[in-house]
Amino acid sequence: MNQAIQIPQTHQRTVSSTDGTPISYQTIGAGPGLIVLGGALRTSHDYLPLASVLARSFTVHVVDRRGRGASGPQGPQYTLGKEVEDLLVVQAETGARLAFGHSYGGLVLFETARSFQVFERIAVYEPGVPAGPLPTDWMAPYRERLAAGDPYGAFVHFIRGSGGAPAFLTKLPHWYLRMALRIAFRGPSWQRMRPLLQANLAEHEQVAAQQGRLAAFAAVTAPVLLLCGGRTPRASRANFDAVRDTLPNATLESLPGLNHFGPEGKTAPVVAERALQFLL
């Protein structure tokens with residue numbers, strides 16, 4: 001599973017959303033249509049290893065959500081509802097009736113599916129649906145550091161404050177962690193991530209706005225495979241338990257050895273193979 005993944009050539013297409021924003025997506029494979037929707041701080045490029053495995057059985061459309069890749073900006077009126085509009089136009093253009101979502105992309109899928117019966121089956125990996133209170137204290141200093149032209153400083157506040165980092169990281173001095181990040185995050189991956197830092201804040205603000213709305217997702221009637229990583233913190237896994245119990249037709253499975261970024265890189269085939277079993 002950890003051998004190099006061959007990425008076939010993709011075909012890029014663009015469709016205009018309801019408000020005129022261009023939404024770009026990459027297409028590979030042949031078979032029934034499947035939309036892949038990624039998380040914050042990620043572009044379609046990050047999901048091509050996953051899509052390459054899925055493309056053995058499906059025509060896979062990997063979306064660059066607004067604010068990234070060749071798609072247009074989030075815009076000043078950005079909301080989760082805008083993401084729903086974008087997904088619906090891609091679905092209408094492709095005719096895809098299957099979907100896979102990761103993190104924030106999973107939230108967008110659920111928000112769409114609860115009101116529009118466009119997907120026959122949905123697979124998600126650690127969807128960004130809050131079942132309880134979320135930490136938001138990091139957002140103000142994150143915004144300040146971005147405004148000051150300090151992306152690494154902003155990223156430190158995100159890592160330490162958003163709730164997903166190992167406990168030891170939250171105890172490291174800000175200056176030390178910032179220096180470590182400058183060493184660890186550089187090159188092509190950082191060049192893709194850095195322009196997404198502003199969008200990351202807007203998206204997490206939308207996640208925070210969903211607190212108290214868990215019951216609304218009981219309207220998602222399509223069969224759902226809910227995946228999480230075996231290395232994911234217990235608090236997050238309890239959140240996914242609550243999501244499973246809310247959805248009327250959902251199964252929750254843990255994939256051993258994986259963390260929140262399971263659908264990316266070398267571990268992507270593990271997630272893709274399990275999703276294939278469910279979606280076929």
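Numbers here simply count residues along the sequence, with the first being 1.
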Could you tell me if Ser103 and His260 have a donor-acceptor pair between their side chains, going purely by distance under 3.5 Å?
yes

How would you list all residue pairs meeting salt bridge (Lys or Arg N to Asp or Glu O under 4.0 Å) that involve residues 94-117, not counting sequence neighbours?
Arg97-Glu120, Glu111-Arg114, Glu111-Arg213

Quick check against the 3.5 Å criterion: does Thr59 have a side-chain atom that pairs as donor or acceptor with the backbone of Gly31?
yes

Salt-bridge test for Lys82 and Asp19: reply yes if a basic N is under 4.0 Å from a carboxylate O, no otherwise.
yes

Tell me if a side-chain donor or acceptor on Gln211 pairs with a main-chain N or O of Ala208 at a distance below 3.5 Å.
yes

Looking at Ala222 and Phe119, what are the two nearest heavy atoms and their distance?
CB-O, 3.5 Å

Heavy-atom nearest pair, Gly132 first then Asn239, reads N-OD1, 4.1 Å

Tell me whether the rings of His157 and His174 are parallel (<30°), tilted (30 to 60°) or perpendicular (>60°).
tilted

Donor-acceptor contact present, side-chain Thr21 to main-chain Ser17, <3.5 Å:
no

Taking the six-membered ring of Tyr47 (Phe, Tyr or Trp), confirm whether the NZ or CZ of Arg42 is under 6.0 Å from its centre and within 45° of its axis.
no

Ring geometry between Trp190 and Tyr152 (parallel below 30°, tilted from 30 to 60°, perpendicular above 60°):
parallel

Please evaluate residues Arg56 and Glu273 with respect to the criterion salt bridge (Lys or Arg N to Asp or Glu O under 4.0 Å), reporting the C-alpha separation (whole Å), side-chain torsions for both, the decisive distance (0.1 Å), and the verdict.
CA-CA 10 Å; Arg56 298 172 188 166; Glu273 293 289 357; 3.0 Å; yes

Would Leu226 and Glu253 count as a side chain to side chain contact (heavy atoms under 4.5 Å, CB included) if you check the C-alpha gap in whole Å, the side-chain angles of each, and the deciding distance to 0.1 Å?
CA-CA 6 Å; Leu226 180 59; Glu253 293 184 19; over 6 Å; no

Heavy-atom nearest pair, Phe100 first then Leu109, reads C-CD1, 3.6 Å

Does any non-hydrogen side-chain atom of Val129 lie less than 4.5 Å from one of Leu214?
yes

From CG (Asp137) to OG (Ser162), nearest 0.5 Å:
12.0 Å

Which heavy atom of Phe110 sits nearest a heavy atom of Phe217, and at what distance?
CB-CD2, 3.6 Å

Do His11 and Gln26 come close enough that some side-chain heavy atom pair is under 4.5 Å?
no

I'd like to know if the side chain of Asp64 pairs up with that of Ser24 as donor and acceptor (distance under 3.5 Å, no hydrogens or angles considered).
no

For the hydrophobic clusters of this structure (ILVMFWY residues joined by side-chain heavy atoms under 4.5 Å, transitively), does one cluster hold both Leu50 and Leu255?
yes

For Pro151, is there any backbone N or O sitting under 3.5 Å from a side-chain donor or acceptor partner on Arg194?
no

When hydrophobic residues are tied together by side-chain contacts of less than 4.5 Å, even through go-betweens, does Leu247 share a cluster with Phe116?
yes

I need the His61 NE2 to Ser44 OG distance, nearest 0.5 Å.
13.5 Å

Between Asp46 (side chain only) and Thr43 (backbone N and O only), is there a donor and an acceptor less than 3.5 Å apart?
yes

Examine Met139 and Met193 and state if one hydrophobic cluster contains both, with Ile, Leu, Val, Met, Phe, Trp and Tyr joined whenever side-chain heavy atoms are less than 4.5 Å apart.
yes

Would you call Pro269 and Val53 a side-chain contact if the rule is heavy atoms closer than 4.5 Å?
yes

Is any side-chain heavy atom of Val271 less than 4.5 Å from a side-chain heavy atom of His102?
no

Would you say the side chain of Thr221 lies within less than 4.5 Å of the side chain of Asn249, judging by non-hydrogen atoms?
no

How far apart are the closest heavy atoms of Pro32 and Leu98, and which atoms are they?
CB-CD1, 4.4 Å

Does any donor atom in the side chain of Arg65 or Ser71 lie under 3.5 Å from an acceptor atom in the other side chain?
no

I want to check something: taking the side chain as every heavy atom from C-beta on, are Val243 and Val124 in contact at a cut-off of under 4.5 Å?
no

With side chains defined as the heavy atoms from C-beta onward, is the minimum distance between Val224 and Thr251 less than 4.5 Å?
no

Under a 4.5 Å side-chain heavy-atom rule over Ile, Leu, Val, Met, Phe, Trp and Tyr, are Leu276 and Ile122 clustered together?
no

The reported gap from OH in Tyr104 to CG in Leu37 (rounded to nearest 0.5 angstrom) is 10.0 Å

Any side-chain donor near an acceptor of the partner, Glu83 and Tyr78, under 3.5 Å:
yes

Arg182 side chain vs Met179 backbone, donor-acceptor pair below 3.5 Å
no

Does the Ser236 side chain pair with the main chain of Thr232, one donor and one acceptor, at a distance under 3.5 Å?
no

Is the side chain of Glu126 donor-acceptor paired with the backbone N or O of Gly229 at a distance under 3.5 Å, no angle test?
yes

Is the ring pair Phe155/Phe158 parallel, tilted or perpendicular, if the boundaries are 30 and 60 degrees?
parallel

Once rounded to the nearest 0.5 Å, what's the spacing between atom CG of Leu258 and atom CG of Leu227?
9.5 Å

Is there side-chain contact between Ile35 and Tyr25, with heavy atoms separated by less than 4.5 Å?
no

Closest contact, heavy atoms only, Leu80 versus Gln206:
N-OE1, 2.9 Å

Taking only Lys NZ, Arg NE, NH1 and NH2, and the carboxylate oxygens of Asp or Glu, determine whether Arg66 and Glu203 approach each other closer than 4.0 Å.
no

Membership question, hydrophobic clusters at under 4.5 Å side-chain separation (ILVMFWY): are Leu87 and Leu279 in the same one?
no

From CZ (Arg244) to CG (Leu252), nearest 0.5 Å:
5.0 Å

One should read off an interatomic distance between Leu48 CG and Ile28 CD1, to the nearest 0.5 angstrom, of 6.0 Å

